[in-house]
Colleague: 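Structure provided below as C-alpha coordinates; questions to follow.
Naming: A, B, ... by sequence-line order, numbering from 1 per chain.
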Amino acid sequence: MVGQVGYEQPADVAAALAIQDRLWPLVDLVGPGPTAPARVAGLDVAYAEGGDRLAAAVTVLDTATLTVVDEAVSVGRPAFPYVPGLFAFREVPALLDALRRLRTLPDLLVCDGHGLAHPRRFGLACHLGVVTGLPAVGVGKTPLVGTWSGPAERRGAWAPLVDGGEVVGGVVRTRDGVKPVFVSVGHRMSLENAIAQVLALAPRFRLPETTRTADRLCRDALAAVA
DNA sequence: GCGACAG
DNA sequence: ATCTTGTCGC
(Lines give C-alpha, C1' and ligand atoms only; values in the text may rest on other atoms or scores of the structure.)
Protein backbone atom coordinates (compact mmCIF):
# COMPACT_ATOMS: atom_id res chain seq x y z
CA MET A 1 0.00 0.00 0.00
CA VAL A 2 2.99 2.23 0.47
CA GLY A 3 4.83 2.78 -2.79
CA GLN A 4 8.49 3.67 -2.92
CA VAL A 5 11.08 4.85 -5.38
CA GLY A 6 14.26 2.80 -5.72
CA TYR A 7 16.00 2.25 -2.41
CA GLU A 8 19.75 1.85 -2.84
CA GLN A 9 21.80 -0.33 -0.50
CA PRO A 10 25.44 0.73 -0.08
CA ALA A 11 28.29 -1.80 0.05
CA ASP A 12 30.42 0.27 2.40
CA VAL A 13 30.67 3.49 4.41
CA ALA A 14 31.88 5.59 1.48
CA ALA A 15 28.95 4.50 -0.68
CA ALA A 16 26.52 5.16 2.17
CA LEU A 17 27.81 8.71 2.60
CA ALA A 18 27.50 9.29 -1.15
CA ILE A 19 23.87 8.14 -1.11
CA GLN A 20 23.05 10.49 1.77
CA ASP A 21 24.68 13.40 -0.03
CA ARG A 22 22.63 12.64 -3.11
CA LEU A 23 19.31 12.24 -1.29
CA TRP A 24 19.33 14.99 1.31
CA PRO A 25 18.44 17.76 -1.18
CA LEU A 26 15.20 15.86 -1.85
CA VAL A 27 13.90 16.40 1.68
CA ASP A 28 10.84 18.67 1.74
CA LEU A 29 11.44 21.12 4.58
CA VAL A 30 8.38 23.25 3.86
CA GLY A 31 5.54 20.88 4.71
CA PRO A 32 3.65 21.86 6.71
CA GLY A 33 2.20 18.34 6.57
CA PRO A 34 -1.17 17.05 7.77
CA THR A 35 -2.54 18.91 10.80
CA ALA A 36 -5.28 16.34 11.40
CA PRO A 37 -4.03 13.01 9.98
CA ALA A 38 -6.61 10.19 10.12
CA ARG A 39 -4.08 7.36 10.20
CA VAL A 40 -0.53 7.55 11.53
CA ALA A 41 2.06 4.79 11.24
CA GLY A 42 4.61 3.88 13.90
CA LEU A 43 7.82 2.08 12.89
CA ASP A 44 10.29 0.21 15.06
CA VAL A 45 12.82 -2.61 14.92
CA ALA A 46 13.87 -5.23 17.48
CA TYR A 47 17.06 -7.30 17.41
CA ALA A 48 17.79 -10.84 18.51
CA GLU A 49 20.67 -11.46 20.93
CA GLY A 50 23.87 -11.17 18.95
CA GLY A 51 22.21 -8.82 16.52
CA ASP A 52 22.20 -11.34 13.67
CA ARG A 53 18.47 -11.14 13.12
CA LEU A 54 15.85 -8.41 13.34
CA ALA A 55 12.13 -7.84 13.10
CA ALA A 56 10.77 -4.61 11.65
CA ALA A 57 7.22 -3.60 12.50
CA VAL A 58 4.76 -0.99 11.31
CA THR A 59 1.50 -0.28 13.09
CA VAL A 60 -1.14 2.09 11.75
CA LEU A 61 -3.23 3.90 14.33
CA ASP A 62 -6.57 5.63 13.99
CA THR A 63 -5.78 9.02 15.50
CA ALA A 64 -9.30 9.47 16.87
CA THR A 65 -9.04 6.42 19.12
CA LEU A 66 -5.29 5.71 19.07
CA THR A 67 -6.08 2.09 18.30
CA VAL A 68 -4.27 -0.12 15.79
CA VAL A 69 -6.19 -0.52 12.52
CA ASP A 70 -3.45 -2.16 10.45
CA GLU A 71 -0.03 -3.70 11.00
CA ALA A 72 2.77 -5.56 9.23
CA VAL A 73 6.06 -7.22 10.14
CA SER A 74 9.21 -8.25 8.31
CA VAL A 75 11.84 -10.55 9.78
CA GLY A 76 15.31 -10.50 8.34
CA ARG A 77 18.93 -9.55 8.78
CA PRO A 78 20.47 -6.14 9.50
CA ALA A 79 21.41 -4.71 6.09
CA PHE A 80 24.41 -2.72 7.34
CA PRO A 81 26.62 -2.58 10.45
CA TYR A 82 25.68 -0.06 13.10
CA VAL A 83 27.49 3.18 12.38
CA PRO A 84 26.19 6.35 14.03
CA GLY A 85 25.00 8.62 11.24
CA LEU A 86 24.45 5.68 8.87
CA PHE A 87 21.85 4.00 11.00
CA ALA A 88 19.15 4.08 8.31
CA PHE A 89 21.01 1.67 6.05
CA ARG A 90 20.69 -0.93 8.76
CA GLU A 91 16.93 -0.83 9.28
CA VAL A 92 15.30 0.83 6.26
CA PRO A 93 15.23 -2.25 3.99
CA ALA A 94 13.25 -4.28 6.53
CA LEU A 95 11.01 -1.32 7.35
CA LEU A 96 10.24 -0.79 3.65
CA ASP A 97 9.36 -4.46 3.36
CA ALA A 98 6.93 -4.12 6.26
CA LEU A 99 5.43 -0.95 4.74
CA ARG A 100 4.82 -2.81 1.47
CA ARG A 101 2.73 -5.37 3.32
CA LEU A 102 0.37 -2.77 4.77
CA ARG A 103 -3.16 -2.72 3.38
CA THR A 104 -3.80 0.87 4.42
CA LEU A 105 -2.01 4.03 3.38
CA PRO A 106 -0.90 6.07 6.42
CA ASP A 107 -0.95 9.88 6.30
CA LEU A 108 2.22 10.16 8.34
CA LEU A 109 5.20 8.04 9.41
CA VAL A 110 6.49 8.33 12.99
CA CYS A 111 10.00 6.88 13.04
CA ASP A 112 12.10 5.58 15.90
CA GLY A 113 15.20 7.70 15.33
CA HIS A 114 16.09 11.19 14.12
CA GLY A 115 15.28 13.10 10.98
CA LEU A 116 17.09 16.41 10.41
CA ALA A 117 18.76 16.14 13.82
CA HIS A 118 21.61 14.30 12.14
CA PRO A 119 25.24 15.21 11.27
CA ARG A 120 24.37 15.57 7.58
CA ARG A 121 20.69 16.42 8.13
CA PHE A 122 19.54 13.08 6.74
CA GLY A 123 18.59 10.68 9.51
CA LEU A 124 16.34 7.63 9.33
CA ALA A 125 13.12 9.65 9.25
CA CYS A 126 14.33 11.71 6.27
CA HIS A 127 15.45 8.60 4.44
CA LEU A 128 12.11 6.83 4.92
CA GLY A 129 10.21 9.98 4.01
CA VAL A 130 12.10 10.59 0.78
CA VAL A 131 11.96 6.96 -0.34
CA THR A 132 8.22 6.57 0.34
CA GLY A 133 7.23 10.13 -0.48
CA LEU A 134 5.15 10.26 2.71
CA PRO A 135 5.28 12.92 5.43
CA ALA A 136 7.60 11.68 8.18
CA VAL A 137 8.81 12.74 11.62
CA GLY A 138 11.63 11.39 13.73
CA VAL A 139 11.35 10.75 17.47
CA GLY A 140 14.57 9.89 19.26
CA LYS A 141 14.96 8.84 22.88
CA THR A 142 18.52 10.16 23.14
CA PRO A 143 20.30 12.94 21.20
CA LEU A 144 22.68 12.36 18.30
CA VAL A 145 23.65 15.96 17.60
CA GLY A 146 22.80 19.36 19.02
CA THR A 147 22.56 21.33 22.22
CA TRP A 148 19.57 22.74 24.09
CA SER A 149 18.47 24.26 27.34
CA GLY A 150 15.30 23.49 29.21
CA PRO A 151 12.58 22.65 28.29
CA ALA A 152 10.23 23.46 31.19
CA GLU A 153 9.06 20.53 33.30
CA ARG A 154 5.45 20.49 32.20
CA ARG A 155 4.07 18.36 29.40
CA GLY A 156 3.89 20.27 26.13
CA ALA A 157 6.95 22.42 26.80
CA TRP A 158 9.78 22.25 24.30
CA ALA A 159 13.13 23.84 23.51
CA PRO A 160 14.94 24.21 20.17
CA LEU A 161 17.61 21.59 19.42
CA VAL A 162 20.47 23.53 17.84
CA ASP A 163 23.38 22.14 15.82
CA GLY A 164 25.85 24.04 13.67
CA GLY A 165 23.95 27.25 14.31
CA GLU A 166 20.63 25.93 13.03
CA VAL A 167 17.51 24.56 14.67
CA VAL A 168 17.40 20.90 13.70
CA GLY A 169 14.62 19.75 16.01
CA GLY A 170 12.83 20.17 19.30
CA VAL A 171 13.45 18.73 22.76
CA VAL A 172 9.90 17.94 23.80
CA ARG A 173 8.41 17.17 27.19
CA THR A 174 5.64 14.63 26.67
CA ARG A 175 5.09 14.03 30.41
CA ASP A 176 5.46 16.31 33.42
CA GLY A 177 8.94 16.00 34.92
CA VAL A 178 9.97 13.09 32.69
CA LYS A 179 13.01 12.98 30.41
CA PRO A 180 12.12 14.68 27.10
CA VAL A 181 12.11 13.15 23.60
CA PHE A 182 13.94 14.53 20.56
CA VAL A 183 11.62 15.41 17.69
CA SER A 184 12.82 16.37 14.23
CA VAL A 185 11.37 16.75 10.76
CA GLY A 186 11.73 13.79 8.45
CA HIS A 187 9.96 14.88 5.27
CA ARG A 188 7.05 17.11 4.18
CA MET A 189 6.52 18.48 7.70
CA SER A 190 7.22 21.66 9.63
CA LEU A 191 8.89 21.33 13.02
CA GLU A 192 5.93 22.93 14.79
CA ASN A 193 3.52 20.48 13.24
CA ALA A 194 5.83 17.54 13.91
CA ILE A 195 5.89 18.44 17.60
CA ALA A 196 2.11 18.92 17.68
CA GLN A 197 1.57 15.48 16.12
CA VAL A 198 3.94 13.79 18.56
CA LEU A 199 2.23 15.40 21.54
CA ALA A 200 -1.17 14.31 20.23
CA LEU A 201 0.11 10.74 19.92
CA ALA A 202 1.56 10.72 23.44
CA PRO A 203 -1.31 11.70 25.77
CA ARG A 204 -0.17 9.44 28.58
CA PHE A 205 3.29 7.96 28.14
CA ARG A 206 6.68 9.41 27.29
CA LEU A 207 6.76 7.81 23.85
CA PRO A 208 4.04 8.15 21.19
CA GLU A 209 1.50 5.32 21.02
CA THR A 210 2.66 4.63 17.47
CA THR A 211 6.15 3.81 18.72
CA ARG A 212 4.85 1.77 21.64
CA THR A 213 2.58 -0.43 19.53
CA ALA A 214 5.27 -0.96 16.87
CA ASP A 215 7.80 -1.82 19.59
CA ARG A 216 5.50 -4.45 21.04
CA LEU A 217 4.76 -5.90 17.62
CA CYS A 218 8.38 -6.36 16.54
CA ARG A 219 9.38 -7.84 19.91
CA ASP A 220 6.55 -10.34 19.73
CA ALA A 221 7.40 -11.21 16.13
CA LEU A 222 11.01 -11.85 17.07
CA ALA A 223 10.00 -14.08 19.98
CA ALA A 224 7.65 -16.01 17.69
CA VAL A 225 10.38 -17.01 15.26
CA ALA A 226 13.02 -17.66 17.92
C1' DG B 1 44.86 13.75 18.81
C1' DC B 2 40.82 11.99 21.84
C1' DG B 3 36.26 11.02 22.89
C1' DA B 4 31.33 10.79 21.58
C1' DC B 5 28.14 8.59 18.78
C1' DA B 6 20.04 7.60 16.81
C1' DG B 7 19.06 2.02 17.35
C1' DA C 1 19.49 -2.60 20.02
C1' DT C 2 20.26 -6.37 23.96
C1' DC C 3 22.31 -8.45 28.35
C1' DT C 4 20.46 -7.80 33.65
C1' DT C 5 20.32 -6.63 39.95
C1' DG C 6 19.15 -3.64 42.56
C1' DT C 7 17.07 0.63 43.40
C1' DC C 8 14.41 4.95 43.42
C1' DG C 9 9.80 6.94 43.19
C1' DC C 10 4.74 7.29 42.98
Side-chain angles (χ1 to χ4, degrees), chain A residues 10 13 16-17 19-20 23-24 27 42-59 73-98 109-131 136-148 153-155 161-164 168-172 174-187 191 194 198 204-208 210-226:
Chain A
V13 169
L17 290 170
I19 291 171
Q20 289 188 333
L23 295 184
W24 81 258
V27 174
L43 303 88
D44 192 23
V45 174
Y47 293 82
E49 336 78 65
D52 54 329
R53 180 149 46 174
L54 59 72
V58 183
T59 53
V73 181
S74 176
V75 176
R77 297 233 166 231
F80 204 74
Y82 172 64
V83 180
L86 300 179
F87 177 59
F89 296 105
R90 185 171 176 76
E91 300 190 342
V92 165
L95 288 169
L96 288 176
D97 190 46
L109 304 180
V110 176
C111 311
D112 191 33
H114 299 104
L116 294 179
H118 173 278
R120 290 170 297 283
R121 308 292 180 259
F122 198 71
L124 172 73
C126 297
H127 211 132
L128 277 170
V130 166
V131 172
V137 309
V139 180
K141 296 179 284 295
T142 61
L144 173 60
V145 296
T147 57
W148 68 94
E153 293 297 309
R154 65 190 182 291
R155 166 184 152 78
L161 177 64
V162 180
D163 183 56
V168 297
V171 183
V172 183
T174 52
R175 292 196 65 187
D176 288 359
V178 170
K179 179 179 175 182
V181 295
F182 300 78
V183 178
S184 57
V185 168
H187 188 52
L191 176 58
V198 169
R204 177 167 181 198
F205 298 102
R206 178 186 176 230
L207 296 176
T210 38
T211 300
R212 289 166 46 78
T213 52
D215 179 74
R216 274 187 39 190
L217 181 56
C218 58
R219 282 179 198 252
D220 290 351
L222 204 53
V225 296

Colleague: Tell me: CZ of A:Arg175 to P of C:dC10, nearest whole Å?
Modeller: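 Nearest whole value for this atom pair: 12 Å.
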Colleague: Could you tell me the separation between the CG atom of A:Asp52 and the C1' atom of C:dT2, rounded to a whole number of Å?
Modeller: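 Taking atom C1' of C:dT2 as the reference, CG of A:Asp52 is at 12 Å.
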Colleague: Quick one: A:Leu161 CG to B:dA6 P, roughly how many Å, whole number?
Modeller: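 It is 13 Å, rounded to the nearest whole Å.
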Colleague: Under 4.0 angstrom, heavy atoms only, what part of the nucleic acid is A:Pro119 near: base, sugar-phosphate, or nothing?
Modeller: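 Nothing, no nucleic acid heavy atom in range.
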Colleague: Name the one of A:Arg90, A:Arg53, A:Arg219 that satisfies side chain to side chain contact (heavy atoms under 4.5 Å, CB included) with A:Tyr47?
Modeller: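 That would be A:Arg90; it is the only one of A:Arg90, A:Arg53, A:Arg219 passing the side chain to side chain contact (heavy atoms under 4.5 Å, CB included) with A:Tyr47.
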Colleague: Which part of the nucleic acid does A:Ala48 contact within heavy-atom distance under 4.0 Å: base, sugar-phosphate only, or nothing?
Modeller: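 Nothing, no nucleic acid heavy atom in range.
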Colleague: Under 4.0 Å between any heavy atoms, over every strand shown, what does A:Leu95 touch: base, sugar-phosphate, or nothing? Just pick one.
Modeller: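 Answer is nothing: A:Leu95 stays at 4.0 Å or more from every strand.
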Colleague: Examine distances only and state if a side-chain atom of A:Arg121 and a backbone atom of A:Trp24 form a donor-acceptor pair shorter than 3.5 Å.
Modeller: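 Checking the backbone N and O of A:Trp24 against the side chain of A:Arg121, no donor-acceptor pair under 3.5 Å is found.
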Colleague: Using atom CG of A:Leu222 as one end and atom P of B:dG7 as the other, report the distance to the nearest whole Å.
Modeller: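 After rounding, the gap between these two atoms is 18 Å.
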Colleague: Quick one: A:Phe87 CZ to B:dA6 C1', roughly how many Å, whole number?
Modeller: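 The answer, rounded to whole Å, is 6 Å.
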Colleague: Does C:dT2 have its OP1 or OP2 closer than 4.0 Å to a side-chain nitrogen or oxygen of A:Arg219?
Modeller: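 True: A:Arg219 side-chain N/O within range (under 4.0 Å) of C:dT2 OP1/OP2.
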Colleague: Is there a donor-acceptor contact under 3.5 Å from the side chain of A:Arg120 to the main chain of A:Leu17?
Modeller: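 Not at all, since once roles are kept as given, no pair shorter than 3.5 Å links the two residues.
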Colleague: Would you say the ring centers of A:Phe87 and A:His118 fall short of 6.0 Å from each other?
Modeller: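 No: the rings miss the under 6.0 Å criterion.
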Colleague: If the threshold is 4.0 Å, N to carboxylate O, is there a salt bridge linking A:Asp44 and A:Arg212?
Modeller: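 No, A:Asp44 and A:Arg212 are not salt-bridged.
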Colleague: Nearest to the side chain of A:His118, which nucleotide is it out of C:dT2, B:dG7, B:dA6?
Modeller: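 Between C:dT2, B:dG7, B:dA6, the one nearest the side chain of A:His118 would be B:dA6.
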Colleague: Can you check the A:Arg53 CZ to C:dA1 P distance for me, whole Å?
Modeller: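 After rounding, the reported distance stands at 19 Å.
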Colleague: Taking only N and O in the side chain of A:Lys141, is any of them less than 4.0 Å away from OP1 or OP2 of B:dG7?
Modeller: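 For B:dG7, OP1 or OP2 has a side-chain N or O of A:Lys141 closer than 4.0 Å.
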Colleague: Please pick, from B:dC5, B:dG7, C:dT2, the nucleotide with the shortest atom-to-atom distance to any side-chain atom of A:Leu144.
Modeller: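 When the side chain of A:Leu144 is considered, B:dC5 is the closest of B:dC5, B:dG7, C:dT2.
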Colleague: Tell me: CG of A:Leu17 to C1' of B:dC5, nearest whole Å?
Modeller: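 One finds 14 Å between C1' of B:dC5 and CG of A:Leu17, rounded.
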Colleague: Taking only side-chain nitrogens and oxygens of A:Tyr47, does any of them come within less than 4.0 Å of OP1 or OP2 of B:dG7?
Modeller: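 Answer is no, no contact under 4.0 Å.
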Colleague: So does A:Thr142 get a side-chain nitrogen or oxygen closer than 4.0 Å to the phosphate oxygens (OP1/OP2) of B:dC5?
Modeller: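 So the side chain of A:Thr142 is outside the cut-off, no N or O lying under 4.0 Å from OP1 or OP2 of B:dC5.
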Colleague: Looking for any heavy atom pair under 4.0 Å, which part of the strands does A:Gly51 touch: base, sugar-phosphate only, or nothing?
Modeller: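 A:Gly51: no heavy atom of the nucleic acid under 4.0 Å.
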Colleague: Over all strands shown, is A:Gly85 touching base, sugar-phosphate only, or nothing at heavy-atom distances under 4.0 angstrom?
Modeller: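 Answer is base: heavy atoms of A:Gly85 come under 4.0 Å of a base.
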Colleague: Rounded to the nearest Å, what distance is computed from the CG atom of residue A:Asp215 to the C1' atom of nucleotide B:dG7?
Modeller: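 After rounding, the gap between these two atoms is 11 Å.
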